[in-house]
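Structure first, commentary second.
All chains are named by letter (A, B, ...) in the order of the sequence lines, taking the proteins before the strands, and each is independently numbered beginning at 1.
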Amino acid sequence: MMERNAYDILEERGFLKQCSHPEELRELLGKEKVTFYIGFDPTADSLHIGHYVALMTMAHMQRAGHRPIALLGNGTAFIGDPSGKTDMRSLMSKEQLKHNAACFQAQMSRLIDFTDDKALIVYNGDWLYPLNYLDFMRDIGVYFSVSRMLAADCYKQRMERGLTFFEMGYMLMQSYDFLELNRRYGCKLQMGGDDQWSNILGGADLIRRKEQKPAYALTTALLTTSDGKKMGKTEKGAVWLDKEKCSVFDFYQYWRNVEDQDVEKCLALLTFLPMEEVRRLGALPGEQINEAKRVLAYTLTAQVHGEEEAQKAQTAAEALFAGGTDLSNIPSCELTAEQVEESGLRIPDLLVLSNLAKSKSDARRLIADGGVFIGDEKVASPNQALNESDLAGDGVIIRKGKKTYCRIRKA
RNA sequence: GGAUGGGUUCCCGAGUGGCCAAAGGGAGCGGACUGUAAAUCCGUUGUCACAGACUUCGAUGGUUCGAAUCCAUCCCCAUCCA
């Protein structure tokens, strides 16, 4: 019986989905320090929770003594990843991509230790931008069989909807990344979300064929809800790691509100809590499962935003939902003198200003449906307005529905 | 390049001259019920100065008292042929 290694840890926590050579890889991870990589396309200026599973994978591996490489795909993102996307590829400038990549890097540093070569950050634009088409076709293109690619699931599905040469080319570029990292850093393993399976496998095959060296592919579970939908969407969009794009309170609340069935999975994938504890929390019956949600929300928020911020979010949540009294940390919105003037302090205008409603019509509807409260009082008419004195000091707390609060005050 | 079929509101998808701000479903939002969960039921889902007005059905022009619906040109997408 071999000692428990990184592979076992990932397996136990439910990360593993597919692996090219399970036995072989497990053995390798048990006996030597392995350099591996995960790719990220910097198409936005912040990572979101979907990326977080990948970061956790890297963190577990690093803690087990292996060396992660975060590959920032400023080269591949330059033309856009077609996988599964139906929306138009939005073309971004090289400068924008570089900026986004820098943002990613900062966020990754919270979880991964990049000091002393313990982990690397590399940019595939470094080798993709200068690439020569003819050389590429001759050196790399010859190793790929179109008929075999077409047999792959991901392409098979696309066949009906049309498949461009570019989309198939994407696999070659990603495979080339792996080869390049193998040559430069001795990288032997590529990990990634399960939707990347074909692309990852392509790279491992390329190395095995071209270099006659071992290379491994391993995919991790995507973060989905129990009914198979992608997790991490809110009314305001994705659950971003950047608190400017998703407030700490919203972040905390997102996890506080996950469905019962998803708690255990989230705890296992997104936190470092020991598995015995994860299983215990996940098994709590009935109402007690809320304890697990509190732990999940607090732990994950602390991991991403720090203890102090997590504490504030928790305090605010308790004040609003659990009879707590400390209201100082609930989400707030400060109005400038002009905004006060312009809005006339009418409730619909205030709902829009505080982002609780997306338009004044929307706000009117909410009021008509009886979903808007000032303090504890239901707003009866859209013509209702506040007095300027209401906004003085701590201001007033306005609520939309059961769970969305905002404190409004004068700046 | 040729032929054919398409582009409708957040998504899918009906609508082929007035009754269309546009069926139905999904998703979202609000309400009831609950555990800040799920399921279920009800309501709602273009904008605004909101019992009224204004803007939307790929784009631009045109026909008509009146167009998402008809015509012209253009753009885009899919399938087949090259």
Quiz prompt | Basic-acidic side-chain contact under 4.0 Å: Glu12(A), Arg4(A) | solution = yes
Quiz item: Which value, in whole Å, describes the distance between the P atoms of nucleotides rU56(B) and rU60(B)?
Solution: 9 Å
Quiz item: How far does the P atom of rG31(B) sit from the matching atom of rA37(B), given to the nearest Å?
Solution: 11 Å
Practice problem: Write down the distance separating the P atoms in rC57(B) and rU9(B), rounded off to the nearest Å. | Solution: 9 Å
Quiz prompt | Spacing between Asp369(A) atom CG and rG43(B) atom P, to the nearest angstrom | solution = 11 Å
Exercise. Run the numbers on Asp205(A) and Arg208(A) for salt bridge (Lys or Arg N to Asp or Glu O under 4.0 Å), then give the verdict.
Key: CA-CA 5 Å; Asp205(A) 278 351; Arg208(A) 281 172 181 260; 5.6 Å; no
Practice problem: Treat a base pair as Watson-Crick or G-U wobble with both distances under 3.5 Å, then lay out RNA chain B in dot-bracket form, 5' to 3', with | for cross-strand pairs. | Solution: (((((((..(((.....[.....)))((((((.......))))))(((...)))...(((((..]....)))))))))))).
Quiz item: Of Arg365(A) and Val372(A), whose closest RNA chain B nucleotide lies nearer the 5' terminus?
Solution: Val372(A)
Quiz prompt | P-based separation of rC11(B) from rU55(B) [nearest Å] | solution = 23 Å
Self-check item: Lys243(A) atom NZ: more than 12 heavy-atom contacts under 6.0 Å
Solution: no
Quiz item: Quick one: side-chain hydrogen bond (donor to acceptor under 3.5 Å, both in side chains) pairs with a partner in residues 320-334 of chain A, sequence neighbours left out?
Solution: Asp326(A)-Ser328(A), Glu334(A)-Arg409(A)
Quiz item: Is it true that the side chains of Ser46(A) and Asp242(A) contain a donor and an acceptor less than 3.5 Å apart?
Solution: no
Quiz item: Listed in order of residue number, which residues of residues 271-282 of chain A have a non-hydrogen atom at under 4.0 Å from RNA chain B?
Solution: none
Practice problem: With sequence neighbours excluded, tell me which residues meet side-chain hydrogen bond (donor to acceptor under 3.5 Å, both in side chains) with Glu341(A). | Solution: none
Quiz item: Does any non-hydrogen side-chain atom of Leu270(A) lie less than 4.5 Å from one of Gln303(A)?
Solution: no
Practice problem: Name the residue closer to the 5' end of RNA chain B, choosing between Ser359(A) and Gly371(A) according to the nucleotide with the nearest heavy atom. | Solution: Gly371(A)
Practice problem: Mark up nucleotides 32-37 of chain B, 5' to 3', with B wherever a protein heavy atom is under 4.0 angstrom from a base atom, S wherever such an atom reaches only the sugar-phosphate, and - elsewhere. | Solution: -BBBBB
Quiz item: When rounded to the nearest Å, what value does the distance between P atoms of rA59(B) and rA27(B) take?
Solution: 29 Å
Practice problem: Any side-chain hydrogen bond (donor to acceptor under 3.5 Å, both in side chains) involving residues 372-390 of chain A? Give me the pairs, sequence neighbours left out, ordered by first then second residue. | Solution: Glu388(A)-Lys410(A)
Self-check item: P-based separation of rA39(B) from rU47(B) [nearest Å]
Solution: 27 Å
Practice problem: Would you mind building the protein contact string for nucleotides 49-55 of chain B? One character per nucleotide, 5' to 3', B for base within reach (heavy atoms under 4.0 Å), S for sugar-phosphate only, - for untouched. | Solution: SB-----
Quiz prompt | C1'-based separation of rG18(B) from rU69(B) [nearest Å] | solution = 11 Å
Practice problem: Please collect all salt bridge (Lys or Arg N to Asp or Glu O under 4.0 Å) contacts where either partner lies in residues 168-184 of chain A, sequence neighbours excluded, each pair once. | Solution: Glu180(A)-Arg184(A), Arg183(A)-Glu211(A)
Quiz prompt | Which residues share a side-chain hydrogen bond (donor to acceptor under 3.5 Å, both in side chains) with Arg256(A), sequence neighbours left out | solution = Asn290(A)
Exercise. Calculate the interatomic distance between Lys400(A) atom NZ and rG31(B) atom C1'; express it in whole Å.
Key: 13 Å
Self-check item: Note: Glu259(A)-Lys265(A) ion pair, threshold 4.0 Å (strictly below)
Solution: no
Quiz item: Just how far, in rounded Å, is P of rU44(B) from NZ of Lys358(A)?
Solution: 15 Å
Self-check item: Partner set under side-chain hydrogen bond (donor to acceptor under 3.5 Å, both in side chains) for Asn100(A), not counting sequence neighbours
Solution: Gln96(A)
Quiz item: With sequence neighbours left out, which residue pairs that include part of residues 313-323 of chain A fulfil the side-chain hydrogen bond (donor to acceptor under 3.5 Å, both in side chains) condition?
Solution: Tyr252(A)-Gln314(A)
Practice problem: Apply side-chain hydrogen bond (donor to acceptor under 3.5 Å, both in side chains) to Asp45(A) and list each qualifying residue two or more places apart in sequence or on a separate chain. | Solution: Lys245(A)
Quiz item: Using atom P of each nucleotide, how far apart are rU73(B) and rG2(B) to the nearest Å?
Solution: 13 Å
